[in-house]
Amino acid sequence: MVENLVIVESPAKAKTIEKFLGKSFTVMSSFGHIRDLAKKNLGIDIKNNFNPDYVVSDDKKKIVAELKKNVKEAKMVWLASDEDREGEAIAWHLAEVLQLDEKKTKRIVFNEITKEAIQNAIKNPRNIDKNLVDAQQARRILDRLVGFELSPVLWKKVKPSLSAGRVQSVAVRLLVDREREIIAFKPSSSYKTVAVFEVVDNKGKKVLLEAELDEKFNTKAKALEFLKACSKAQFSIEDVVTKPSKRSPSAPFTTSTLQQEASRKLGFSVSQTMTIAQKLYEAGKITYMRTDSVNLSETALKACKEVINKEFGNEYHNLRQYKTKSKGAQEAHEAIRPAYFDQETVQGSAAEKKLYSLIYKRTLASQMSDALFERTTVSIKVEGLPYHFVATGEVLKFDGFLKMYIESNDEESESDNLKILPPLTKNQPLNVKNITSTERFTHHPPRYTEASLVRKLEELGIGRPSTYAPIISTIQQREYVVKTDRDGSERNFDVLKLENKNVTELTEKETFNAEKAKLFPTDIGILVTDYLVDHFKDIMDYNFTANVEKDFDEIAEGKMLWTKMLDAFYAPFHKKVEMAIATRENTKGDRLIGNDLVSGKPIIARIGRFGPMVQIGQSDDEEKPRYAKLQPGQYIETITLEQALNLFQLPKKLGSYENYEVSVGIGRFGPYILHHAKYYSLVKGVDDPYNITLQRAIELINDKREKDKNKVINSFEYQKSEIQVLNGRFGPYICYNKENYKIPKNTDATKLTAEQCIDIIQKGASTTKTKKKRK
DNA sequence: CAGTGAGCGAGCTTCCGCTTGACTT
């Protein structure tokens, strides 16, 4: 017999809460939402006041049945879903589906999982807030309308199976807009000048003092002129200013800040972070990991204080209450923090340990004192010239929270590390050792990483903690975006150096624009974004979500009817959808680049069946058009005539070897040499497919043959075909009729007989087959 | 795996947010 049935969203939460409540309480979990709009035919009756057709999802049928059974027996049902829009809706759906009797149902909320908070909640029940539920319904229905009306437009106009939505389309737009800024960016250079002086410190030892000029010269001539003037100049200290400065700790983690910090400090992807955090949560090590709140419970604040006082002393503790800065935060939970502060480390995988430690340190640091510095700025006069050199040094006076945690930055700072300056006095003359003027280039705005895109989305109030990771993977799955590295290019820069009254000039090399694990929009991503911005400007607006959120808030406050809001949105929106479908236009991104020098035919870049490509001539010409695929890094939008013509140079013949033709081309897996029906990969970063010689190609062929010799362990003839025992990446395997088979463990592959191989082939499932099935 | 890019047409694709497993490799 169940006396009191409490229903929460998460099973891990249910387990914890059950401990806090007496035996008369049974706690179950709904596993999030239990029903959703029907998937067929929109799931909304638009003409009938947007009447939603809700269906219990297949994977929730079992849990709903179990809940029903327990509800029947219970004297009182407590709906304890989260205290936000979605949580309120979950409570309402539960009440509807379980047909709860109003007299036997209470709605309770708590945003921290402590005994006190829960008992308090039980003492203060309320009813379901229907206005808040309506706000959720409006949100849900609007998202369905946008997603299920826009996506089919793309299927018709661009390509099947594409998708669009309030959140994902704007996320892609952020990347596309940034990419355009990068394309338009023209780097400029200026000369940064640094002087090294020799100073005697208080022990009589010679030390070096580095100072930067307060002026950057935009031409080499000006920098040279300055250095020459310096060769005759006197230097002296003009001023020494010492000021105290401080740094404060950051707020405890939310989902988004945890994702950013784990990405920067531990190199985790956004989804990796969430999977690891989920494990820690389920093991009871940390509080809930999908939250937008920076709030810590009273119990947590007290525990932090105790640990800090004990470990470091009172002077290191500083009680801080943080306030959220993000738009649309709903704060149904606490910040992400350790469940117990006496555990500095946890058992588990290396990744779990690292992430836990990050959370532990960040939480404690957030309750610690400011770090105090003394910042000294020294200004150095150049006699007779209107410029100054400036040196800054910092001395740490009190480490405070830095004892625990140092937050990282996206931008690597060049000269921000702590420097201690030697003692210096005003008017003190200085000996210059050397002065260097180095050419520095401006950088394009940075491309987004997964984590920095999440930060931007949060800033715009787009998406929720539970959806950041899925958004990132959706836009990659749809191939609007790829996460990849890119090799930089090389460039020269000038270094001018004055030493011993002599100016020398040097040219040095640097790589620039190299990228690591960055998000790049694809041609499809660019095309779809342009199309949507053209036809659905308001939905693609960065403020669209923020604007509809205002309406949802009004609905939640009972000031607006949800059906009215949807009406006002849908009528003009649907008109645009119909117009978009009705207009005939070119949406394959066709771009005329120029004309072929030989045939005079037009060269067009466009999206083809297999992705972005260029073609010479039209398909209705007498002669078939020639096609070539774009290379990584090339865009329909920016490819030049020269680059396009270059693509048509391949495949080309290099000559012959052993009486067979040798040719070079670029395939799906990069540049290759083709010889006697066999392919040989070019070496990345060494060989250039456009300029490779026959001699080098032959070298590659022979290299590969040498390698392959070691690949074959044994081979047998079987049913007019060959069974091969091969050495692969993951150890030995059997290959027969182009299919691969696993060799059982603890088998010596070199001693396998033909009979044993046949046996394995007949019994064992081919690994190549399963792969194909998955696709 | 190292090519492909025509055209027709049936049947399918798709959203955002709230939760975990149940599946592979």
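Every chain is numbered from 1, with letters handed out A, B, ... down the list of sequences. Just so it is clear, the model here is predicted, and its values are computed rather than measured.
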**Report entry** Atom pair distance, as rounded to whole Å: NZ in A/Lys13 and P in B/dC18
**Finding:** 12 Å
Query raised in the report: Does a salt bridge link A/Glu699 with A/Arg696, judged by any charged N lying under 4.0 Å from a carboxylate O?
Result: yes
Requested in this report: Answer yes or no: does a side-chain N or O of A/Gln615 lie under 4.0 Å from OP1 or OP2 of B/dG5?
Outcome: no
Query raised in the report: Would you call A/Asp541-A/Lys537 a salt bridge at under 4.0 Å N-O?
Result: no
Query raised in the report: Base, backbone or nothing for each nucleotide of nucleotides 8-16 of chain B, written B, S, -, heavy atoms under 4.0 angstrom, 5' to 3'?
Result: -----BBBB
Query raised in the report: To the nearest angstrom, how far is A/Asp590 atom CG from B/dG5 atom C1'?
Result: 13 Å
Query raised in the report: With distance as the sole criterion, is a donor-acceptor pair present between the side chains of A/Ser293 and A/Thr291 under 3.5 Å?
Result: no
Query raised in the report: When you check the gap from the basic side-chain N to the acidic O, do A/Lys601 and A/Asp596 get nearer than 4.0 Å?
Result: no
Query raised in the report: Is atom OH of A/Tyr690 surrounded by more than 12 heavy atoms (other residues, nucleotides or ligands) closer than 6.0 Å?
Result: yes
Report summary line: Base-paired stretches in DNA chain B with three or more consecutive Watson-Crick or G-U pairs, both distances under 3.5 Å, amount to none
Query raised in the report: With a non-hydrogen cut-off below 4.0 angstrom, is A/Tyr281 in contact with a base, only sugar-phosphate, or nothing?
Result: sugar-phosphate
**Report entry** Touch class at under 4.0 angstrom, heavy-atom based, for A/Gly611 against every strand present
**Finding:** base
**Report entry** A/Ser466 side-chain proximity, nearest of B/dT4, B/dT20, B/dT19
**Finding:** B/dT19
Query raised in the report: For A/Arg606 and B/dG5, what is the distance between atoms CZ and C1' respectively, to the nearest whole Å?
Result: 6 Å
Report task. Tell me what A/Ser30 touches on the nucleic acid: a base, only sugar-phosphate, or nothing, going by heavy atoms under 4.0 Å. Result -> nothing
Report task. Considering only NZ, NE, NH1 and NH2 on the basic side and carboxylate oxygens on the acidic side, decide whether A/Arg107 and A/Asp129 come within less than 4.0 Å. Result -> no
**Report entry** Side-chain N or O of A/Tyr468 closer than 4.0 Å to phosphate OP1/OP2 of B/dC18
**Finding:** no
Requested in this report: Locate the shortest heavy-atom distance separating A/His675 from A/Tyr657; write the atom from each residue and the value.
Outcome: NE2-O, 2.9 Å
Report task. Check the angle between the aromatic planes of A/Phe536 and A/Phe573 and answer parallel, tilted or perpendicular using the 30° and 60° thresholds. Result -> tilted
**Report entry** Nearest-Å distance for atom pair CD/P, residues A/Gln137 and B/dC18
**Finding:** 15 Å
Query - Atom pair distance, as rounded to whole Å: CZ in A/Arg290 and C1' in B/dC18 - result: 8 Å
Query raised in the report: Which residues, if any, of residues 77-96 of chain A bring a heavy atom under 4.0 Å of DNA chain B?
Result: A/Asp82, A/Glu86
Query raised in the report: Can you check the A/Lys678 NZ to B/dC1 C1' distance for me, whole Å?
Result: 16 Å
**Report entry** Gap between atoms OH and C1', on A/Tyr288 and B/dG17 respectively (whole Å)
**Finding:** 10 Å
Requested in this report: Check the surroundings of atom NZ in A/Lys652: do more than 12 heavy atoms from other residues, nucleotides or ligands lie under 6.0 Å from it?
Outcome: yes
Query raised in the report: Is a side-chain donor-acceptor pair under 3.5 Å present for A/Thr474 with A/Gln168?
Result: no
Query raised in the report: Could you give the CE-to-P distance, from A/Met274 to B/dC18, as a whole number of Å?
Result: 11 Å
Query raised in the report: A/Tyr542 and A/Glu459: side-chain donor and acceptor closer than 3.5 Å?
Result: no
Requested in this report: Flag this pair as yes if the NZ/CZ of A/Arg478 is under 6.0 angstrom from the six-membered ring centre of A/Tyr480 and inside a 45 degree cone about the axis; otherwise no.
Outcome: no
